[in-house]
Amino acid sequence: MEYISHPNATSLRNKPFPLFDELGGIFGKDRASENESASALDALEELEEEDKDMELEQVHELSIEDEGTPATQSRQIKTPPSAAPASTRTKKARTETIEALKDFSRKLEKMSGLMENASEHIGRLASFFKHESESVERRMQVTSEVMKIGGLTATQVLLASKKITLNPLEVDFFFSLPDDYIYAYVQGLLLPDEAN
């Protein structure tokens, strides 16, 4: 199986994720896919249908056995009173369990959606931090790049470097310029300061 990750999350590789084991225990590590996949809600509904079908078969079998027998009425009268409530309690408990599992399944599906949204936001954060990290590295390089320009005094190098590094957009613009435009750009930055 090929491992696929979100391209913006590469900076998060090999970083600790404190809740990983607990979430793995909740969601499991296996996933069904394509035609064989079913949600927990689908599985519960299928179980409920099987229970109903089994009850109908039992009722049908009893009605076939009872047809034509004169003792049918006496059997109904002789049924112990405790048998019916136990059956009702069992059905009620089963129904309550199924409802609780359905509710749990709905909550898991909602949590799954939240996890997908969180994954998307983590990807955006990773992209932002990657860009910010690159931006910091480039700001550190501005002074050395401005020093490479010939004909500038140390004061001019410092002033131009300061103006460029104070604004991240200026840093991006500075590094996007071809070499033959950089000198004109730096001179343009220095003009207002030299006039004072």
Side-chain angles (χ1 to χ4, degrees), residues 1-44 101-196:
M1 178 178 200
E2 184 180 325
Y3 177 75
I4 301 172
S5 69
H6 195 284
N8 293 337
T10 55
S11 63
L12 298 175
R13 281 197 190 132
N14 301 321
K15 301 284 187 224
F17 187 63
L19 300 175
F20 181 78
D21 291 331
E22 286 137 12
L23 290 173
I26 292 171
F27 292 105
K29 296 184 179 165
D30 299 326
R31 295 289 183 262
S33 62
E34 297 178 14
N35 296 336
E36 299 299 319
S37 65
S39 68
L41 189 60
D42 293 337
L44 289 172
L101 288 173
K102 283 182 180 179
D103 184 49
F104 181 70
S105 174
R106 283 189 288 272
K107 288 180 180 178
L108 280 179
E109 286 177 7
K110 185 177 179 181
M111 189 171 184
S112 175
L114 292 173
M115 294 296 288
E116 287 177 17
N117 287 340
S119 175
E120 183 179 320
H121 290 294
I122 288 171
R124 288 182 190 159
L125 284 172
S127 177
F128 170 77
F129 286 125
K130 180 181 177 186
H131 181 328
E132 186 62 27
S133 173
E134 291 170 354
S135 183
V136 167
E137 288 176 18
R138 292 190 336 174
R139 281 194 301 262
M140 301 293 273
Q141 296 173 352
V142 167
T143 303
S144 63
E145 291 295 318
V146 173
M147 288 173 64
K148 291 179 185 177
I149 301 171
L152 296 178
T153 66
T155 304
Q156 289 174 324
V157 168
L158 293 174
L159 283 172
S161 298
K162 180 179 176 184
K163 281 190 169 193
I164 293 170
T165 57
L166 286 177
N167 185 345
L169 295 176
E170 293 284 349
V171 174
D172 292 341
F173 184 67
F174 176 77
F175 281 103
S176 71
L177 291 172
D179 290 340
D180 52 337
Y181 283 76
I182 291 178
Y183 179 77
Y185 174 69
V186 171
Q187 287 297 325
L189 288 174
L190 294 173
L191 285 177
D193 288 331
E194 290 177 355
N196 290 331

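Scope of the values below: all heavy atoms of this structure, side chains included, with no hydrogens, waters or symmetry mates.
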Visitor: So that I can tick it off, tell me whether E109 and R106 are bridged by a salt bridge, with the cut-off set at under 4.0 angstrom between side-chain N and carboxylate O.
Guide: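 Salt bridge between R106 and E109, a charged N being under 4.0 Å from a carboxylate O: no.
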
Visitor: Applying salt bridge (Lys or Arg N to Asp or Glu O under 4.0 Å), name anything that partners K107, two or more places apart in sequence or on another chain.
Guide: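 Result, salt bridge (Lys or Arg N to Asp or Glu O under 4.0 Å) vs K107: D103.
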
Visitor: For S144 versus Q141, what's the shortest heavy-atom pair and its separation?
Guide: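 Between these two residues, the closest heavy atoms are OG-O, 2.9 Å.
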
Visitor: On a heavy-atom basis, which atom in A160 and which in L189 lie closest, and how many Å separate them?
Guide: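 Looking at all heavy atoms of both residues, the shortest contact is O-CD1, 4.4 Å.
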
Visitor: To the nearest 0.5 Å, what is the distance between CG on L159 and OG1 on T153?
Guide: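 These two atoms lie 8.0 Å from each other.
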
Visitor: Test your reading of the model: is there a side-chain donor-acceptor pair from S176 to the backbone of F173, 3.5 Å cut-off?
Guide: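 Yes.
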
Visitor: Can you measure from OH (Y183) to CG (L177) and round to the nearest 0.5 angstrom?
Guide: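 Taking OH in Y183 and CG in L177, the distance rounds to 15.0 Å.
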
Visitor: Just checking Y181: does its OH atom have more than 12 heavy atoms from other residues, nucleotides or ligands closer to it than 6.0 angstrom?
Guide: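 Counting neighbours around OH of Y181, 12 or fewer heavy atoms of other residues, nucleotides or ligands fall under 6.0 Å, so no.
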
Visitor: Only pairs under 3.5 Å count here: list side-chain donor-acceptor contacts from residues 117-126, not counting sequence neighbours, and write none if there are none.
Guide:
from	atom 1	to	atom 2	distance (Å)
E120	OE2	R124	NH2	2.6

Visitor: For a 4.5 angstrom cut-off between non-hydrogen side-chain atoms, does R139 reach P168?
Guide: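 The answer is yes, as the side chains (C-beta and beyond) meet within the 4.5 Å cut-off.
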
Visitor: Just wondering, are more than 12 heavy atoms of other shown residues or ligands nearer than 6.0 Å to CG in D180?
Guide: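 More than 12 within 6.0 Å, yes.
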
Visitor: Is any side-chain heavy atom of L190 less than 4.5 Å from a side-chain heavy atom of K163?
Guide: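 Sidechains of K163 and L190: no contact.
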
Visitor: How long is the span from the CG atom in D172 to the NE2 atom in H131, to the nearest 0.5 Å?
Guide: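 It comes to 5.0 Å.
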
Visitor: If you measure from CD1 on I182 to CD on E145, what distance do you get to the nearest 0.5 Å?
Guide: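 Interatomic distance, I182 CD1 to E145 CD, rounded to 0.5 Å: 6.5 Å.
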
Visitor: Taking the side chain as every heavy atom from C-beta outward, state whether L152 and Q187 have any pair of such atoms under 4.5 Å apart.
Guide: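 Yes, at least one pair of side-chain atoms sits under 4.5 Å.
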
Visitor: Partners of E134 by salt bridge (Lys or Arg N to Asp or Glu O under 4.0 Å), sequence neighbours excluded?
Guide: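 In terms of salt bridge (Lys or Arg N to Asp or Glu O under 4.0 Å), with neighbours along the sequence ignored, E134 is linked to no residue.
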
